[in-house]
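Just below is one structure, and these are the notes that go with it.
Here the structure is a predicted model, which is why all the values come from computation and not from measurement.
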Amino acid sequence: MVFIRAYSNRSCNALSVASTHCPLLKAYLDSRRNQKCQKYSTSTGALPKNCKVAICGGGVMGASVAYHLAQLGWGPQTIVIEQDKLGGGENSFSSDLVGVFKPTLSQVRLCQSSVKLYQELESQGFQTGWKQCGSLCVARTRDRMTVFRRMKSQSVSWGIKCEIVDPQKAKELCPLIRIDDIKGAMWIPEDGVADSYKICLSLLEAAKQKGVVVLENCKLLEVVCDNGKVVAIDTSMGSVDCDYYVNCGGFWARKIGQRSNPSVKIPLHPVEHYYLRTNEISNLDSLTPVVRDQDGSIYFRELNGCILAGGFQLEAKPAFENAKCPDNSAGRQLLADWDHFHVLLEQLLHRVPSLANASLDSLLNIAETFTPDCKWIVGQAPEIANYYVAAGMKTVGISAAGGVGQGVAQTIVNGYSQYDLYELEMSRFLGLHNNRRFLRDRVREVPGRHYSLQYPNNEFITGRNLRMSPIYPKLKEAGAVFEQVMGYERPTWFEPDLSKVHLHSYTNTRKFITAKTKTFGKPDWFDIVEAEYEACRENVSLLDYSSFTKLDIQSKGREVVDLLQYLCSNDVDVPIGSIIHTGMQNVRGGYENDCSLIRLSENHYMMIAPTIQQTRCKIWIQRHLPSDNSVSLTDVTSMFTAICLMGPFTRHLLSEMTETDLSPKSFPFFTYKELDVGLANGIRALNLTHTGELGYVLYIPNEFALHVYNSLIEAGKKYNLKHAGCYAMKALRVEKFYAFWGQDLDTSTTPLECGRSWRVKFDKGINFIGRDALLRQQEEGIKRIYVQLLLNDHDPDTELWSWGGEPIFRDKKYVGATTTTSYGFTFKKQVCLGFVQNLDKNGNALPLTNEYVMSGEYEVEIAGTRYPAKVNINSPNLPTKYPDKERESYLATRDKMVSEPLLRNN
């Protein structure tokens with residue numbers, strides 16, 4: 001019998017408690033479970049009756065999860081089922097490249113752990129095929145060399161050994177390559193290759209030695225859920241009660257996700273992917289490095305005396321578009337399309353001319369799955385508690401398997417992992433991302449992202465115009481250039497020339513323009529964003545905030561207050577009409593959510609959170625709701641259009657459109673009122689802008705959105721109202737030293753580390769989540785701190801810009817890295833936000849003091865060049881033509897505990 005546990009961390013479900021004392025109730029629950037499994041139950045005796053963790057998928061990912069669970073002592077309580085042969089069988093095929101450089105630090109750490117694991121297995125006598133041959137990445141363009149120099153700078157903070165080499169040195173490292181057209185290369189000596197089949201079998205063997213049960217030819221039929229939680233699995237060999245389930249189905253992960261009720265949406269779609277293998281080449285060095293020519297979209301490596309080559313086409317071909325996915329590994333092999341592969345073949349022959357004389361062994365076309373954002377999928381499913389997924393590894397599963405398996409196992413056993421996996425969690429998606437047609441269109445361009453130049457703010461061009469606010473057509477007419485976040489189109493800036501084109505064009509010729517930043521230096525949109533920034537600070541501007549996450553949380557009694565006091569580190573029991581900014585911490589004190597709560601009535605709150613948190617924060621709250629359904633949670637993101645009016649004249653403008661008194665005494669900073677605007681009513685108005693500038697955010701019922709927008713534009717003419725996009729908003733908040741979740745804050749960052757200790761109310765009388773961890777940190781001292789750095793001696797017109805991830809040095813010693821950066825239009829220089837530490841000679845972090853932080857001489861390294869920087873730990877007061885006490889008094893980031901908001905006690 002598997003007891004049904006409640007989501008709440010504070011109380012048990014009454015059924016599970018009662019069942020231990022009531023035989024009749026226990027019999028009923030047992031019969032209910034048996035009914036769920038009966039149609040599949042054909043037990044062969046090979047399966048145990050129950051376990052803690054059931055893993056579906058006997059490939060390298062499932063093997064890694066099982067291995068690490070066994071290492072944590074859960075071996076005898078873990079099973080692995082595989083529908084076919086373990087590891088895909090001896091004839092399985094993969095490039096088996098193991099490279100540690102990945103787009104983000106979290107992914108790098110996972111890959112570094114994988115390499116360490118394979119080396120440890122080798123030392124213990126297990127076969128892995130690990131070979132440290134190094135990798136060589138060649139550059140055909142100056143921009144590619146800039147990318148390599150940025151990677152070289154990042155390597156300091158990421159702990160990766162690498163060096164920039166000239167073409168001749170590249171030739172020495174790999175004599176096979178042609179070098180007359182390259183600018184240089186990056187050499188990464190600790191990269192290598194391995195054998196995913198051997199690693200899979202070795203991990204499973206080590207896991208079995210610690211008690212893990214492994215079964216081949218055992219097909220999953222259903223993941224059985226009760227009360228929104230995993231309770232069992234049904235298989236072709238029988239059913240097994242389990243507490244946790246891990247979908248490591250690889251190519252089949254999306255299909256497996258449909259075998260539960262509710263189904264788990266795993267956005268993956270297969271594309272054709274090619275591997276070319278030559279016959280044996282005489283005198284080919286077995287330690288030939290892996291060569292990546294990203295500008296040619298190709299790679300090659302040595303494999304048993306042969307060359308194995310492949311690549312990532314800029315436009316991939318979706319596989320199994322209208323046909324059923326195959327049931328086994330053999331079905332993934334498709335007919336080779338030489339016409340489609342021809343582009344990659346030309347590039348291979350260009351880079352390795354001697355391949356023209358080699359004989360071909362085979363050209364394999366094997367379907368591989370990709371996610372819609374080109375990232376892996378790791379973590380708990382939003383739909384079902386204790387249902388985990390580790391899939392979408394984009395052909396490089398072997399690079400990630402060791403670290404991902406460890407991270408998933410740690411999360412299951414301990415409730416959290418040593419890795420910050422939030423960026424890879426399934427909660428970054430919405431249901432639209434699992435739409436089959438959306439996936440089919442998106443994966444045409446996703447594989448090409450592996451090797452294409454990743455300029456700042458890169459945008460996808462497929463799957464667009466999905467989520468749009470009611471004022472979207474008007475914004476497009478005004479010249480909006482769009483980015484997409486959580487499927488939502490939002491303006492980045494407004495192109496004046498585009499507005500003129502729209503003004504004199506027919507509707508059907510008005511173009512949809514996506515944002516582009518095709519440079520690592522001063523962008524083309526600089527002057528436009530500067531003008532929008534000036535309007536936000538010194539005049540009146542209009543911004544679209546509609547994509548922000550909006551949740552309504554309410555109850556009949558005080559249950560909602562009690563819930564939020566438990567979830568939030570700030571005191572949310574504030575007067576009606578107040579706005580409180582708060583974090584929702586995890587047990588380690590890190591940010592699970594960073595949000596604003598508006599108290600609409602005694603037992604009714606509206607929550608505003610970052611766009612990317614729409615799924616994530618909703619699930620976090622849902623899993624802590626009282627089991628008696630006394631608190632209701634409603635996602636109202638799509639019900640409201642959010643228009644921000646920003647600038648010193650916004651009060652004058654809005655006063656002309658409402659009869660409500662907007663004076664500071666009647667409508668102070670950080671408060672809420674419901675307004676009539678124009679002819680519309682029921683508009684939730686917030687006196688804040690999330691940037692530190694004066695203004696209001698109007699949450700408008702969608703049916704009134706166009707009317708309110710048109711009315712504001714008409715009334716704003718005499719104020720010279722100007723549209724502004726999110727790039728201007730970013731510049732404003734970076735200059736004001738405002739941290740944003742997902743860019744500066746994450747699940748490992750605490751309020752004490754980022755200058756928000758004044759928002760943590762230890763004395764509010766509630767043992768909120770993370771309180772104990774924060775008290776410990778307060779006593780022991782923080783070991784990293786959030787800082788603002790202003791670059792000096794940097795020419796923004798001619799030199800490369802900081803775009804995030806640059807290493808920070810104090811007194812010539814590495815101390816941290818930047819998170820978010822922007823040009824400061826008031827400071828007239830580059831502004832970087834980031835975290836710094838005090839590291840000892842062994843790289844261990846020591847407690848920090850403000851005196852230590854403020855006393856050093858700082859530098860920020862951009863692509864190999866260091867620039868001196870001035871450090872701040874408090875939000876600055878910026879000069880303005882129109883000074884205002886509200887704007888000057890509120891400092892979002894600061895080191896001292898003060899009361900907030902300003903007029904909270906009014």
Can you establish whether the number of heavy atoms outside K171 located under 6.0 Å from its atom NZ is more than 12?
yes

With S452, which of Q454, R449, H450 fulfils side-chain hydrogen bond (donor to acceptor under 3.5 Å, both in side chains)?
Q454

Would you say S106 and D420 are linked by a side-chain donor-acceptor pair, where the criterion is simply a distance under 3.5 Å?
no

Over all heavy atoms of both residues, which pair between A390 and V408 is shortest? Give the atoms and the distance, please.
CB-CG2, 4.4 Å

Residue pair C374, K394: steps toward the side chain to side chain contact (heavy atoms under 4.5 Å, CB included) verdict
CA-CA 8 Å; C374 207; K394 316 175 304 185; 4.0 Å; yes

Nearest 0.5 Å please: distance from the CG atom of D84 over to the NZ atom of K219.
11.0 Å

To the nearest 0.5 Å, tell me how far L421 CG sits from T747 OG1.
7.5 Å

Taking all non-hydrogen atoms of both residues, which atom of F101 and which atom of S155 are closest, and how far apart?
CZ-CB, 4.0 Å

Does the side chain of E272 come under 3.5 Å of the side chain of Q313 through a donor N or O and an acceptor N or O?
no

Rounding to 0.5 Å, atoms CD1 (I377) and CZ (R254) come to a distance of 10.5 Å

Just by distance, with hydrogens left out, do Q410 and Y419 show a side-chain donor and acceptor under 3.5 Å apart?
no

Any donor-acceptor pair under 3.5 Å linking the side chain of R332 with the backbone of A367?
yes

If we check side chain to side chain contact (heavy atoms under 4.5 Å, CB included) with K375, which of these qualifies: V446, L424, T104?
L424

Where do K265 and F429 land on the side chain to side chain contact (heavy atoms under 4.5 Å, CB included) test, with the steps shown first?
CA-CA 9 Å; K265 300 178 180 66; F429 297 119; over 6 Å; no

Side chain to side chain, H273 and I366, heavy atoms closer than 4.5 Å:
no

Before giving the answer on side chain to side chain contact (heavy atoms under 4.5 Å, CB included), spell out for Q333 and L364 the whole-Å C-alpha distance, their side-chain angles and the decisive distance to 0.1 Å.
CA-CA 7 Å; Q333 188 164 336; L364 297 177; 3.3 Å; yes

Quick one: pull up CG in L363 and CG in L344 and give me the separation to the nearest 0.5 Å.
9.5 Å

Side chain to side chain contact (heavy atoms under 4.5 Å, CB included) between E423 and Q107: does it pass, once the steps are laid out?
CA-CA 9 Å; E423 67 173 278; Q107 295 176 54; 3.2 Å; yes

When you compare the side chains of N279 and S359, does any donor N or O come within less than 3.5 Å of an acceptor on the partner?
yes

Counting N and O atoms only, with roles assigned by atom type, does the side chain of S263 sit under 3.5 Å from a partner on the main chain of G257, one being a donor and the other an acceptor?
no

How many angstroms lie between CG in N217 and CE in M237, if you round to the nearest 0.5 Å?
6.0 Å

Quick one, C133 and V193 - any side-chain contact, counting heavy atoms below 4.5 Å?
yes

Donor on one side chain, acceptor on other, E346 and H342, under 3.5 Å
yes

If I compare all heavy atoms of V404 with all of V378, which pair ends up nearest, and what's the gap?
CG1-CG2, 3.8 Å

Do the non-hydrogen side-chain atoms of T235 and V240 ever get within less than 4.5 Å of each other?
no

Any donor-acceptor N/O pair, W252 side chain to P326 backbone, under 3.5 Å
yes

Would you check if the side chain of Q127 reaches a backbone N or O of L201 as a donor-acceptor pair within less than 3.5 Å?
no

Drop me the distance from C137's SG to Q294's CD, to the nearest 0.5 angstrom.
4.5 Å

Would you confirm whether D241, through its side chain, and A232, through its main-chain N or O, come within 3.5 Å as a donor-acceptor pair?
no

With a 6.0 Å cut-off (strictly less than), is the heavy-atom count around CD of Q71, excluding the residue itself, greater than 12?
yes

I need the minimum non-hydrogen distance between V213 and A46, along with the two atoms involved.
CG1-O, 4.4 Å

Counting only N and O atoms by type, is there a donor-acceptor contact under 3.5 Å from the side chain of R259 to the main-chain atoms of L220?
yes

Of all heavy-atom pairs between M186 and C162, which one has the smallest distance, and what is that distance?
CE-SG, 4.1 Å

Between I266 and N247, is any pair of side-chain heavy atoms under 4.5 Å apart?
yes

Got a donor-acceptor contact below 3.5 angstrom from the Q406 side chain to the S113 backbone?
no

Write down the atom of I256, the atom of G249, and the distance for their closest heavy-atom approach.
CD1-CA, 3.7 Å

Using a distance-only test with no angle check, is there a side-chain donor-acceptor pair under 3.5 angstrom linking R436 and H269?
yes

If we ignore hydrogens and angles and just use 3.5 Å, is the side chain of K85 paired with the main-chain N or O of E82 as donor and acceptor?
no

Between E368 and T395, is any side-chain donor less than 3.5 angstrom from a side-chain acceptor?
no

Heavy-atom distance under 4.5 Å between the side chains of L117 and Y67, does that happen here?
yes

What I'd like to find out is whether the side chain of N261 reaches to under 4.5 Å of the side chain of C225, using heavy atoms alone.
no

Answer yes when D293 and R140 have at least one side-chain N-carboxylate O distance shorter than 4.0 Å, and no when they do not.
yes

Take the angle between the ring planes of W130 and Y118 and call it parallel below 30°, perpendicular above 60°, tilted in between.
tilted

Option passing ring pair (Phe, Tyr, Trp, His ring centres under 6.0 Å) with Y274 (candidates W338, F93, F341)
F341

Does K210 have more than 12 heavy atoms from other residues, nucleotides or ligands lying within 6.0 Å of its NZ?
no

Just wondering, more than 12 heavy atoms not from F438 lying within 6.0 Å of its CZ?
yes

L360 atom CG, over 12 foreign heavy atoms within 6.0 Å
yes

If only atom types and distance count, is the side chain of D96 paired as donor or acceptor with the main-chain N or O of S196 below 3.5 Å?
yes

Please walk me through it: do R301 and D191 pass salt bridge (Lys or Arg N to Asp or Glu O under 4.0 Å)?
CA-CA 12 Å; R301 58 160 290 197; D191 277 358; over 6 Å; no

Which label fits Y451 and F312: parallel for a plane angle under 30°, tilted from 30 to 60°, or perpendicular past 60°?
perpendicular

Kindly indicate whether the side chain of I307, heavy atoms from C-beta on, has any atom under 4.5 Å from the side chain of V352.
no

Look at the aromatic rings of F251 and F320 and report parallel, tilted or perpendicular, splitting at 30° and 60°.
perpendicular

Salt bridge check, K131 against E302: does any charged N sit closer than 4.0 Å to a carboxylate O?
yes

Counting N and O atoms only, with roles assigned by atom type, does the side chain of T78 sit under 3.5 Å from a partner on the main chain of A66, one being a donor and the other an acceptor?
no

Is there a side-chain contact between V53 and V246, using heavy atoms and a 4.5 Å cut-off?
yes

Any carboxylate oxygen within less than 4.0 angstrom of a Lys/Arg side-chain nitrogen, looking at D339 and K317?
no

